[in-house]
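Numbered from 1 within each chain, the chains take letters A, B, ... in sequence-line order.
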Amino acid sequence: MATAPITKDSHLYLVDASAYIFRAFHALPPLTRASDGLPIGAVSGFCNMLFKLLEDLKGDDRPTHFACIFDASSHTFRNELYDQYKANRDEPPEELRPQFPLVRRAAEAFAAHAIEMEGFEADDLIATYARQAEAKGARVTIVSSDKDLMQLVTDKIVMLDTMKNKTMGRDEVFEKFGVGPEKVVDVQSLAGDSVDNVPGAPGIGVKTAATLLGEYGDLDTLLARAEEIKQPKRRETLINFADQIRLSRDLVTLKDDVPLETTLEDLAVQDPEPDTLLGFLEEMEFKTITRRVREMMEKEGALEAAPPAEDPIDRTKYACVRDFKELEDWIDRAAKQGFVAVDTETDSLDSVTANLVGVSLALAPNEACYIPLAHVDPNDAGDGDMFGADPPRQVRMKDAIKALKPLLENDAVLKIGQNIKYDLNIFAQHGIHVAPVDDTMLLSYVLNAGKHGHGMDLLSEKYLGHTPLSFKEVAGSGKSQVTFDRVALDKATDYAAEDADVTLRLWQTFKPLLHTEKVTTVYETEERPLVPVLAAMEREGIKVDRDKLSRLSSDFSQRMAALEAEAHEQAGEEFNIGSPKQLGEILFDKMGIEGGKKTKTGAWVTDADVLEGLAAAGHDLPRTIVDWRTLSKLRSTYTEALQAAINKETGRVHTSFSMAVAQTGRLSSSDPNLQNIPVRTEEGRKIREAFIADKGNVLVSADYSQIELRVLAHMADIDALKSAFKEGLDIHAMTASEMFGVPIEGMDPMVRRQAKAINFGIIYGISGFGLARQLGIPQSEAADYIKTYFKRFPGIRAYMDETKAFAKEHGFVQTAFGRKVHLAGIKSKGPQKAFAERQAINAPIQGSAADIIKRAMIRMPEALAKAKLKARMLLQVHDELIFECPEKEAEKLIKVAKETMQSAAGPKMDLSVPLEVDARAAANWADAH
DNA sequence: GCGATCACG
DNA sequence: GACGTACGTGATCGCA
């Protein structure tokens, strides 16, 4: 049986199968098998549901663990408590009885674990599994509409009614019962249940129960203080029927500690055996679903070419290479073969400072090795006390580097890695410039963006059906975690060689799919060549003025202290000014300000929008908080954190760019994030001023002007927008002029501001609500604006409709350069669909702009070299590139950078609008921007 | 570890 | 007729 650990990324589905059968039988039209009249309506409904759950769900919603839970018998411990429990139930109808065993067979055919236990109801098993999974941080979806299960709902556990396609979380439970899930039991104990024959308290229904609990808190308190109830009748009932209420509670409370026979891990989703499943469906004579299942299986066979099953991962076959001759042998074989998977092990996650600890190579499935280079005795505590600490015998670092260099730099040998930019930086520390490379993370990114993440463990699980050793398993976790150089060589070999092995297998899986999925060009022209460019930028880093940051920090601290004191005075009490919860209570509960909103967790919303509104209404405290928060943010996230991020050796800050995080093709930056350095406020700009050029150098910032609107004008083919850009008009003013019929000359800045918000709205997949919120105007007015906009630019609406239709048909959208962005929710209904539609509109625009700047970045090193410039590219901020160069070069650099950026769409795309780039040189980033 | 908040494009 | 909404990121904090 397949097993898989439950982690916080797991998603367990628990189907309340017995309840489903009854419901399907009554809700669905009666259906009989054509050949012999066997009733099969419930079986059909059940199969359709399973298929939908197992095959249709994508992304986060895709189950990792799955079980169908059945009632084993009608007699359970509840009958011992109360002999009338469920005593009013009729025998199941004649047409339903033969379907029970068929449904169990259906579950087996879908390879869905069918679980039942004598003496326990399905509900108790569901409760036990759900709570266990939740305790491990997993998400749980209970497929049922049974209100008895609603007590289980939490932030992690939701219910799904597949017939109504409705998800039930906290809010929905609250709507139904008037109390949160944790008090559902209390309500049910009072209200009783005629269906299950739970007595409850006579004359008290859900509404009254909720009211009472609202007043007294919980059932025990309510019963204890029943004397205080004002209404005589209710008081009497609660006092007289206290025992019956307590019994009811025992009946409705689900048992969540059933001694399970099948563990959670055993519920791992497994692929159905095609012959068994298709055989069963054909036997039932289900035409439609048989066809759909067959199509799905054919497609998956093509898409996820599973690894040769006869070659499962076998860690015992890995070699630990500890002498030089053996290393030379591996290198020879790799060179001969022409490709090799490579992975480095280090003592840190930061590729600029990390030390190389070992290298692993893989030549073929199971043919992999680990070459330890800097391991120490695992018993060495690392405290400098070298007693008993003999490093294990291993190849000398210097020798290994010398031997590996020709292989890693050999342009006839492809080096395959997972996130190989990291390894490039590690090897660069040792003077090795690895090329050419392939990256399995990027292969997955161009194939699967939007479907799922691209980390190795996830990809291995999904495409190889194999769970690699986790880092924690070999290095420990928490306080007892050690760096990799302290891991014993046998364990290190298992882990490291497996990573190379898995990488190689993923490459074999993904590489052929580039062509079938038509994403070769995106991979070859945008992703693969960008890797060394970004690696160099990360190594280069950017200089920051530590003293300036330090002075800003002190300044912010002082002003924060003053604001904090002021806030306490305005509040009339001391409170934690950094706690949104406490602030909300002071503003809306204590001070009694009306009109507050709550978040889905029940806390008051106190974000800047709300506080600005309150300040405008004449309250003093909100303004103080807003000011304090501004400074607090700047201090903790920037002035403090950036000082800590300065590299001791280089004296510069080195970010890490992620190429496979953003769904649209954008980069992201982290550790630290240098793509969100403040600029919008005066205080914020001071932080930008701390980003400086080295002595004798300047920073140059070059940014695309309105690139997303230009891309939109081109892609949607809007003549009015295109000519506006060609004529160099102020695009927001032009939009305002077209919409409101006012001249561009001497335009009211407020009118232009509104047009600007609309232009952004268009790019984001506009909604009246969003525009109204942004502009602070009534929704009706916003709707009118949008109407006017579409009337004036009908091509935009047509483009949006086409894009949505394409997304729905194909499940993805594309940028102008052929990058695919898959949209998980596009086929769902309700808010998920609306969200996916907005993504569908935004992704091609944002993604095409990302494509363009990537193309510019890739060409930049050669353009700089050709112009004989010493300039280095340091950062990318989505539509902006930051360089550093000798003062004297600045003018020439600006020219080269502009040309390269403005022509970056070609020759692949003949953009029908010009791309404008503004560039400036200065001593710091604020002035260059 | 998660939600709320806020910094950027 | 109601619902829930602007697109894409990452870091920090309080609080469970």
Side-chain angles (χ1 to χ4, degrees), chain A residues 7-8 136-137 154-156 166 171-172 175 449-450 575-584 598-611 625-626 629-638 640-642 644-645 655-658 661-681 683-684 687-688 703-704 706-708 757-775 779 782 786 821 829-847 849-850 853 875-880 929:
Chain A
T7 69
K8 68 174 173 44
K136 298 197 170 174
T154 64
D155 293 335
K156 288 277 180 191
K166 241 183 82 181
D171 294 350
E172 290 78 4
E175 242 172 70
F575 68 104
N576 184 345
I577 193 168
S579 163
K581 185 165 172 274
Q582 292 179 31
L583 174 65
K598 290 201 170 175
T599 65
K600 61 181 171 204
T601 57
W604 293 106
V605 177
T606 68
D607 63 17
D609 260 11
V610 169
L611 296 183
I625 301 290
V626 167
R629 279 191 186 162
T630 305
L631 294 176
S632 168
K633 178 78 175 183
L634 295 179
R635 197 183 97 92
S636 65
T637 309
Y638 300 103
E640 287 296 307
L642 281 172
T655 186
S656 167
F657 289 105
S658 302
V661 169
Q663 317 214 356
T664 52
R666 274 192 177 181
L667 302 177
S668 80
S669 158
S670 61
D671 308 301
N673 182 355
L674 296 185
Q675 287 182 324
N676 70 347
I677 301 303
V679 68
R680 290 174 188 170
T681 64
E683 300 293 350
I687 289 165
R688 228 167 237 238
D703 68 294
Y704 285 106
Q706 309 290 359
I707 189 168
E708 292 192 343
I758 293 168
N759 277 332
F760 273 103
I762 294 296
I763 290 170
Y764 294 156
I766 200 154
S767 76
F769 179 93
L771 183 63
R773 208 173 65 93
Q774 179 66 34
L775 285 175
Q779 204 171 325
I786 295 171
V821 179
K829 289 217 159 48
Q832 282 170 17
K833 180 182 158 178
F835 180 51
E837 284 183 347
R838 292 196 297 274
Q839 287 182 313
I841 289 164
N842 176 256
I845 303 170
Q846 189 182 112
I853 196 167
L875 298 176
Q876 186 249 45
V877 191
H878 311 306
D879 63 358
E880 174 188 15
H929 184 71

**Message:** What's A/Lys156 touching, base or sugar-phosphate or nothing? Going by heavy atoms closer than 4.0 Å.
**Reply:** sugar-phosphate
**Asked** Checking all strands, does A/Arg629 fall into the base, sugar-phosphate, or nothing category for heavy-atom contacts under 4.0 angstrom?
**Response** sugar-phosphate
**Message:** Short of 4.0 Å, heavy atom to strand atom, which residues of residues 830-847 of chain A count as contacting DNA chain B?
**Reply:** A/Gln846
**Complete:** Walking DNA chain C from its 5' end, the first of A/Gly578 and A/Glu175 to be reached, judged by nearest nucleotide, is A/Glu175
**Prompt:** Contact class for A/Leu771 vs. all strands (heavy atom < 4.0 Å): base, sugar-phosphate, or nothing?
**Reply:** base
**Request:** Using a 4.0 Å heavy-atom cut-off across all strands, classify A/Ser658 as base, sugar-phosphate, or nothing.
**Result:** nothing
**Complete:** Min and max contacting nt of DNA chain C in 5' to 3' order, chain A heavy atoms within under 4.0 angstrom, are C/dT5 to C/dA16
**Asked** With a non-hydrogen cut-off below 4.0 angstrom, is A/Gln582 in contact with a base, only sugar-phosphate, or nothing?
**Response** sugar-phosphate
**Request:** Apply side-chain hydrogen bond (donor to acceptor under 3.5 Å, both in side chains) to A/Gln876 and list each qualifying residue two or more places apart in sequence or on a separate chain.
**Result:** A/Gln675
**Prompt:** When all nucleic acid strands are considered with a 4.0 Å heavy-atom cut-off, which category describes A/Ser767: base, sugar-phosphate, or nothing?
**Reply:** base
**Asked** Are A/Val877 and A/His929 close enough that some pair of their side-chain heavy atoms sits under 4.5 Å apart?
**Response** no
**Message:** Given A/Leu674, which partner from the list A/Asn676, A/Ile677, A/Asp671 fulfils the side-chain contact (heavy atoms from CB on, under 4.5 Å) test?
**Reply:** A/Ile677
**Request:** Quick one: stems involving DNA chain C, counted as three or more successive Watson-Crick or G-U pairs, both distances short of 3.5 Å.
**Result:** B:1-9 with C:7-15
**Asked** Does anyone know the first and last nucleotide of DNA chain B in reach of chain A, 5' to 3', at under 4.0 angstrom to a heavy atom?
**Response** B/dC2 to B/dG9
**Request:** Measure across A/Ile786 and A/Ser767 and return the closest heavy-atom pair with its distance rounded to 0.1 Å.
**Result:** CD1-C, 3.8 Å
**Request:** For A/Ala603, answer base if it contacts any base atom (sugar-phosphate contacts may also be present), sugar-phosphate if it contacts only those atoms, and nothing otherwise; contact means non-hydrogen atoms under 4.0 Å.
**Result:** nothing
**Prompt:** So, does A/Asn842 use its side chain to make a donor-acceptor pair with the main chain of A/Ile845 at under 3.5 Å?
**Reply:** no
**Prompt:** Across the strands shown, which category fits A/Glu880 at heavy-atom distances under 4.0 angstrom: base, sugar-phosphate, nothing?
**Reply:** nothing
**Complete:** Here the pair of heavy atoms bringing A/Val821 nearest to A/Gln663 is CG2-O, 3.4 Å
**Request:** Look only at the side chain of A/Ser669 and the backbone of A/Phe657, and say whether a donor-acceptor pair between them is shorter than 3.5 Å.
**Result:** no
**Close side-chain approach of A/Gln706 to A/Asn759, heavy-atom, < 4.5 Å** = no
**Prompt:** Contact class for A/Asp671 (heavy atom, under 4.0 Å): base, sugar-phosphate, or nothing?
**Reply:** sugar-phosphate
**Message:** Under 4.0 Å, heavy atoms only, any strand: does A/Ser632 hit a base, just the sugar-phosphate, or nothing?
**Reply:** nothing
**Request:** Can you see which heavy atom on A/Arg629 is nearest to which on A/Asp607, and at what distance?
**Result:** NH1-CA, 3.9 Å
**Prompt:** Crowded around A/Gln582 CD? As in, over 12 foreign heavy atoms under 6.0 Å?
**Reply:** yes
**Asked** For A/Asn676, which contact category applies under a 4.0 Å heavy-atom criterion: base, sugar-phosphate, or nothing?
**Response** base
**salt bridge (charged side-chain N to carboxylate O under 4.0 Å, His left out) partners of A/Asp609, counting only residues at least two apart** = A/Arg773
**Message:** Applying a 4.0 Å non-hydrogen cut-off, can you work out what A/Ala645 is touching in the nucleic acid: base, sugar-phosphate, or nothing?
**Reply:** nothing
**Message:** Ignoring hydrogens, what is the shortest heavy-atom contact between A/Gln839 and A/Pro844? Give both atom names and the distance.
**Reply:** O-CD, 4.3 Å
**Message:** Using the P atom as the point on both nucleotides, what is the distance between C/dA6 and B/dA4, in whole Å?
**Reply:** 13 Å
**Asked** Is it true that a side-chain atom of A/Arg635 and a backbone atom of A/Glu640 form a donor plus acceptor pair closer than 3.5 Å?
**Response** no
**Message:** Ignoring hydrogens, what is the shortest heavy-atom contact between A/Leu634 and A/Gly684? Give both atom names and the distance.
**Reply:** CD1-N, 4.1 Å
**Message:** Would the distance check show the side chain of A/Lys581 and the main-chain N or O of A/Ala603 forming a donor-acceptor pair, the cut-off being under 3.5 Å?
**Reply:** no
**Message:** Distance check, P atoms only: C/dT5 and B/dT5, in whole angstrom units.
**Reply:** 14 Å
